[in-house]
Amino acid sequence: MSTKKDKFSLKDKFYMEIALKLANSRQGLTGSNPSVGCVIVKNDKIISIGQTSYNGRPHAEFNAIKNCTDDLNGSKMYVTLEPCCHHGLTPPCTNIIIKSKISEVIYSVADIDKRVRNKSQKILKSNNVNVKKGILKDIINNFYSNYFFNRKHKLPYVTGKIAISKNNLVYSKLNKRITNVQADKFTHLLRYKNDALMISYKTLNKDNSRLNCRIKGFSNYSPKRIILDNKLQTKINSYIIKTANKDNTIIFYNQASKSKVLDFKKKKIQLIKSKINKQGKFDFKTILKKLYKFNCRNLLIEGGDSLTSHLLKNKIFNKFYLYKSPKNLSKETEYLKFNSLDVLKKNYKNKFNLNLFLGKDKITLYKN
């Protein structure tokens, strides 16, 4: 129950929880802008809602106000993140809030953007709009961890995943399937929530990967495909190459013949030449910086043992999902073992069990 010291009522928290759900449903789909949820209330009745639009504009506050058919005079706005107060590609949200005669704005956390941080509160108050902040602060700070990381480091937030069998194999030629249907659906949810998906050419060539979101109704929100391929050895007849266009596929490479480069460019692949280190590995931080410039903010990496182990050792992942099946895979013919369990547990010490709805498969989330 709320106490006398608590400036927020249970109703305030209820409305902000709705705003957070609105923001969560668009996470990963708002480009370089954060996903924000907004709820407008008058006389204890919700009169409008808004979310950040796909690709980031218009903002949630603007959408909520424009969606409203009621008189906004004297209403309250609940918004997950501090409203913007600067002129960008769209006018400041503070302008339309003031113009609409909303009497109170309640937001959870301040924006990390220096153009906005704690400035909106002053602007709104100077125009007779009451402002409160800090409601559900811990929960919503956690929700914006990706966005805060993007802004602070100018890099994508990186999520990794790998599936292993009970006997720690990531591949067996005799029985290739590791996880169950529920775990597979969770993978497609991760693809929906990330704007780019990376694999190596070895994984692509072995599996003829599609790298799309196959949740019904969400295929249009499949991530951009990113391939690491030092010498352009990706099979030219693979699904990824056949379905490539100038906007959905990037291949990072280091050396290849002019004819091979031309072959890939004819297939509308965006090729980016990138450095490799003395060990023959890509300079991954350079790749991340380049992806950030291409508006990649949330990167999912579905690597095999070699790529995943390299990135775990170098602490590239912000968080990592380990899928573990209760069944053993065959070692009778060709197989691959996951060799970095100890590295994962050492470098990513915060772990959370997520196998609530995934049958007997266990998914553990590791964070550093």
Side-chain angles (χ1 to χ4, degrees), residues 28-29 31-32 54-55 155-156 158-162 170-171 176 184 187-188 190-277 280-308 310-311 316 336:
L29 304 173
S32 59
Y54 294 112
N55 298 318
L155 293 170
V158 183
T159 299
K161 66 162 284 282
I162 201 166
V170 294
Y171 172 77
K176 295 180 181 180
D184 290 347
T187 293
H188 289 286
L190 289 178
R191 291 181 178 184
Y192 167 73
K193 290 287 187 180
N194 286 268
D195 49 41
L197 170 57
M198 176 183 287
I199 63 170
S200 70
Y201 80 92
K202 291 180 182 178
T203 299
L204 190 153
N205 285 348
K206 185 176 291 183
D207 301 335
N208 194 20
S209 312
R210 286 188 277 171
L211 306 186
N212 55 358
C213 174
R214 294 195 285 279
I215 298 174
K216 189 175 181 180
F218 290 91
S219 60
N220 289 339
Y221 305 108
S222 294
K224 180 174 289 195
R225 297 92 62 95
I226 315 295
I227 315 300
L228 300 179
D229 186 0
N230 183 6
K231 298 179 181 179
L232 291 185
Q233 295 172 276
T234 299
K235 292 178 181 178
I236 205 77
N237 63 344
S238 64
Y239 174 87
I240 292 298
I241 303 303
K242 288 179 179 178
T243 58
N245 62 53
K246 61 183 180 64
D247 297 318
N248 74 355
T249 308
I250 295 175
I251 294 181
F252 286 93
Y253 79 106
N254 178 257
Q255 54 181 330
S257 66
K258 289 183 179 179
S259 61
K260 187 165 277 192
V261 168
L262 186 60
D263 286 342
F264 278 87
K265 286 186 175 179
K266 284 180 180 178
K267 297 291 185 180
K268 299 180 181 178
I269 304 293
Q270 189 166 6
L271 296 178
I272 300 178
K273 195 168 185 178
S274 196
K275 299 175 184 176
I276 57 171
N277 59 27
K281 303 285 188 182
F282 281 105
D283 182 341
F284 211 80
K285 289 189 176 178
T286 298
I287 286 177
L288 292 178
K289 287 177 182 177
K290 288 180 179 179
L291 287 175
Y292 188 85
K293 289 180 179 178
F294 281 100
N295 281 331
C296 171
R297 295 295 181 266
N298 296 283
L299 174 65
L300 176 64
I301 301 178
E302 297 184 14
D305 175 64
S306 177
L307 176 60
T308 301
H310 173 67
L311 299 181
I316 296 296
L336 287 172

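A quick note: this is a predicted structure, and the numbers were derived from the prediction, not measured. These numbers come from the heavy atoms of this one structure, side chains and all, not from hydrogens, waters or symmetry mates.
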With the side chain counted from C-beta on, respond yes when Asn277 and Asp283 share a heavy-atom pair under 4.5 Å apart, and no when they do not.
-> no
Minimum heavy-atom distance between Leu300 and Glu302, given as atom pair plus value = CD2-OE2, 3.5 Å
Can you tell if the side chain of Gln270 reaches within under 4.5 Å of the side chain of Phe294, non-hydrogen atoms only?
-> yes
Main-chain N/O of Ile240 paired with Arg210 side-chain donor or acceptor, under 3.5 Å | no
To the nearest 0.5 angstrom, please state how far the OG1 atom of Thr249 sits from the NZ atom of Lys268.
-> 11.0 Å
Heavy-atom closest pair, residues Leu336 and Lys206 = CD1-NZ, 3.4 Å
If you round to the nearest 0.5 Å, how far is CZ of Phe284 from NE2 of His310?
-> 7.5 Å
Are the side chain of Asn248 and the backbone of Asn245 linked by a donor-acceptor contact shorter than 3.5 Å?
-> yes
Please name all residues satisfying side-chain contact (heavy atoms from CB on, under 4.5 Å) with Thr243, sequence neighbours left out, ordered by chain then number.
-> Arg225, Tyr239
Quick one: side-chain hydrogen bond (donor to acceptor under 3.5 Å, both in side chains) partners of Gln233, sequence neighbours excluded?
-> Tyr201
Would you indicate whether Lys290, at its atom NZ, is surrounded by more than 12 heavy atoms from other residues, nucleotides or ligands within a distance under 6.0 Å?
-> yes
To the nearest 0.5 Å, what is the distance between OH (Tyr253) and CG (Leu271)?
-> 6.0 Å
Would you please name every residue forming a side-chain hydrogen bond (donor to acceptor under 3.5 Å, both in side chains) with Lys281, sequence neighbours left out?
-> Ser306
Inter-residue atom distance Ser200.OG - Leu307.CG, 0.5 Å rounding | 6.0 Å
When you look at Lys289 and Leu291, which way does the side-chain contact (heavy atoms from CB on, under 4.5 Å) test go after all the steps?
-> CA-CA 5 Å; Lys289 287 177 182 177; Leu291 287 175; over 6 Å; no
Atom CZ of Arg191 and atom NZ of Lys161: how far apart are they, to the nearest 0.5 Å?
-> 7.0 Å
Between the CG atom in Asp305 and the CD1 atom in Ile162, the distance rounded to the nearest 0.5 Å is 6.0 Å
Pairing residues for Asn55 by the side-chain contact (heavy atoms from CB on, under 4.5 Å) criterion, not counting sequence neighbours | none
Leu228 and Ile287, any side-chain heavy atoms less than 4.5 Å apart | yes
Of all residues at least two apart in sequence or in a different chain, which pass the side-chain contact (heavy atoms from CB on, under 4.5 Å) check with Asn298?
-> Asn146, Tyr157, Asn194, Asp195
Just by modelled atom types, is the Asn230 backbone N or O under 3.5 Å from a matching donor or acceptor in the Asn254 side chain?
-> no
Looking only at heavy atoms, which two atoms of Pro223 and Leu197 are closest? And how far apart?
-> CG-CB, 3.7 Å
Partners meeting side-chain contact (heavy atoms from CB on, under 4.5 Å) with Ile241 (sequence neighbours left out) | Thr234, Ile236, Ser238, Ile251, Phe264, Lys267, Ile269
Residue list, salt bridge (Lys or Arg N to Asp or Glu O under 4.0 Å) with Asp229, at least two apart or on another chain = none
Per-pair distances, 0.1 Å, donor-acceptor, side chain in residues 215-222, under 3.5 Å, sequence neighbours excluded:
residue: Ser222; atom: OG; partner: Cys213; partner atom: N; Å: 2.9
residue: Ser222; atom: OG; partner: Ser219; partner atom: O; Å: 2.8

Looking at residues at least two apart in the chain, or sitting in another chain, which of them share a side-chain hydrogen bond (donor to acceptor under 3.5 Å, both in side chains) with Thr159?
-> none
Under the side-chain hydrogen bond (donor to acceptor under 3.5 Å, both in side chains) test, residues paired with Ser32 that sit two or more places apart | none
Applying the side-chain contact (heavy atoms from CB on, under 4.5 Å) test to Met198, which of Ile227, Ile301, Leu311 qualifies?
-> Ile301
